[in-house]
Amino acid sequence: MPELPEVETVVRTLAPRLVGRRIHAVILKTRKAWAASAAKLRGRRIQRVERYGKYILLHLDRGVGAIHLGMTGKLMAGAAPGAYTRAVLVLDQGRVVFDDVRQFGSVRWLKRPPDGLGPDALSILPDEFVTRMAQRRGRIKALLLNQAFVRGIGNIYADESLFRARIHPLAPANRLSKDRALRLHRCIVEVLSEAVASGGSSISDYVDADGRPGWFQFQHRVYQRTGEPCVACGAKIRRILVAQRSTHYCPRCQRQ
DNA sequence: TGGAATGTTCGGCT
DNA sequence: AAGCCGAACATTCC
């Protein structure tokens, strides 16, 4: 579940319970390579909690805790550990439980926030978005998924944004007119903001730090609606593969 | 039973 | 050299 809106929702529900807390102990139930790094969180005080693309950053008195939810990661305040719990941060007041069925997520201690990521999808300015797009020849859908280009967009919101902007997912980025690029930027901000306001999309079992699901999945217009009628024109939604990911679009509304 | 699922990374090829 | 592809990671669900 974890794209920008889901991570943002987790951060908003988590932050009030974490800021000012000290991490007394780190319990690890994983053999993943990040475990050694995660152990360094012990003893640190959490000064600020921030979303950084799809990362949850705990700004500490020394360094940062960087949590990535991968595909199935969940971060829950005060929850009981279960079968898929990979890490528990024991605080001076309460605890945070990190569950992750597929284990693509991670909990790490870093000297500084991760580098190599592009500007945040919700804060990049229209002009910069247009300029960066003009420098890329790749397919627009693949580019939106590329965190080095913009950070925060994943498979759901890439499809939903392209649908709203009426842009074909295979369109080469640098071949879009300035108007269409601006429209795409506007639609990305719109879709992400609406999704944040809805608490994200719960497509399998996503919940925020308080265990509450989001409801933006009821607003999806193309994502996982293959074969269903387009809400705008009635044409059947099509599914193709782009960058090895399922890509859903309306063949009539989104022309090449 | 095989394929697909909210993600990232790496190696190889052009 | 950017960009593409396939594979890998691990587990569940239908």
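Here is how names work: the chains are called A, B, and so on, in the same order as the sequence lines, proteins then strands, and each is numbered from 1.
Pairing partner, C/dA10: none, since no Watson-Crick or wobble contact has both distances short of 3.5 Å.
Closest to the side chain of A/H68, out of B/dG7, B/dA5, C/dC4, is B/dG7. Nearest to the side chain of A/Q244, among C/dT11, C/dG6, B/dT8, sits C/dG6. For A/R86, counting side-chain heavy atoms from C-beta on, the closest listed nucleotide (C/dG3, B/dG7, C/dT11) is C/dT11. Side-chain atoms of A/N155 lie closest to B/dG7 of the nucleotides B/dA5, B/dG7, C/dG6. Proximity note for A/R137 (side chain, C-beta onward) versus B/dA5, C/dA2, C/dT12: the nearest is C/dA2. Candidate nucleotides B/dG7, C/dC4, B/dA5 were compared by shortest atom distance to the side chain of A/A142, and C/dC4 ranks first. The nucleotide whose nearest atom lies closest to any side-chain atom of A/M71 is, among B/dG7, C/dA10, C/dG3, B/dG7. Set against B/dA5, C/dT12, C/dA10, the side chain of A/Q103 has C/dA10 as its closest nucleotide.
At whole-Å resolution of the value, CG in A/D100 and C1' in C/dT12 are 13 Å apart. Residue A/R151 contributes atom CZ, which lies 16 Å from atom P of B/dG7 at whole-angstrom precision. When rounded to the nearest whole Å, the span between CH2 of A/W34 and P of C/dC9 equals 18 Å. Distance CZ (A/R245) to P (C/dG6): 15 Å, rounded to an integer number of Å. For the pair A/L4 CG and B/dT8 P, the interatomic distance rounds to 12 Å; values are reported in whole Å. One atom, CD of A/Q224, and another, C1' of C/dC13, lie 12 Å apart when rounded to the nearest Å. Between the CD atom of A/Q217 and the P atom of B/dA5 there is a distance of 17 Å, given to the nearest Å. Rounded to whole Å, the distance from CG on A/L69 to C1' on B/dA5 is 16 Å.
A/K32 has no side-chain polar atom (N or O) that falls below the 4.0 Å cut-off from OP1 or OP2 of C/dC9. Phosphate proximity of C/dC5 to A/R139: present, with a side-chain N or O under 4.0 Å from OP1 or OP2. Contact check, A/S246 against B/dA5: a side-chain N or O comes under 4.0 Å of OP1 or OP2. Distances shown here put a side-chain N or O of A/R136 below 4.0 Å from the OP1 or OP2 atom of C/dG3. At C/dT12, one or more side-chain N or O atoms of A/Y84 fall inside 4.0 Å of OP1 or OP2 (strictly under the cut-off).
Remark: the backbone N or O of A/S246 is not paired with any side-chain donor or acceptor of A/R239 at under 3.5 angstrom. Panel note: side chain A/D210, backbone A/R212; no donor-acceptor pair is recorded below 3.5 Å. Side-chain N or O atoms of A/D127 include none that pairs as donor or acceptor with a backbone N or O of A/T131 at under 3.5 Å.
Looking only at atom types and distance, the side chain of A/T72 has no donor-acceptor partner in the side chain of A/R102 under 3.5 Å away. Between the side chains of A/Y157 and A/E6, at least one donor N or O lies within less than 3.5 Å of an accepting N or O.
Using a 4.0 Å heavy-atom cutoff across all strands shown, A/R31 reaches no nucleic acid atom at all. Nucleic acid contact class of A/Q147 (heavy atoms, under 4.0 Å, all strands): sugar-phosphate only.
The shortest heavy-atom contact between A/G43 and A/D61 is O-OD2, 4.4 Å.
Rounded to a whole angstrom, the distance from the P atom of C/dA10 to that of B/dC10 is 16 Å. For the P atoms, the distance from C/dG6 to B/dA4 is 13 Å, rounded to whole Å. Taking the P atoms as reference points, B/dG2 lies 16 Å from C/dA7, given to the whole Å.
By the 5.5 Å and 30° criteria, A/F104 is stacked with the base of C/dC9.
The pair A/E8-A/R12 meets the salt-bridge criterion, with a side-chain N (NZ, NE, NH1 or NH2) lying under 4.0 Å from an Asp/Glu carboxylate O.
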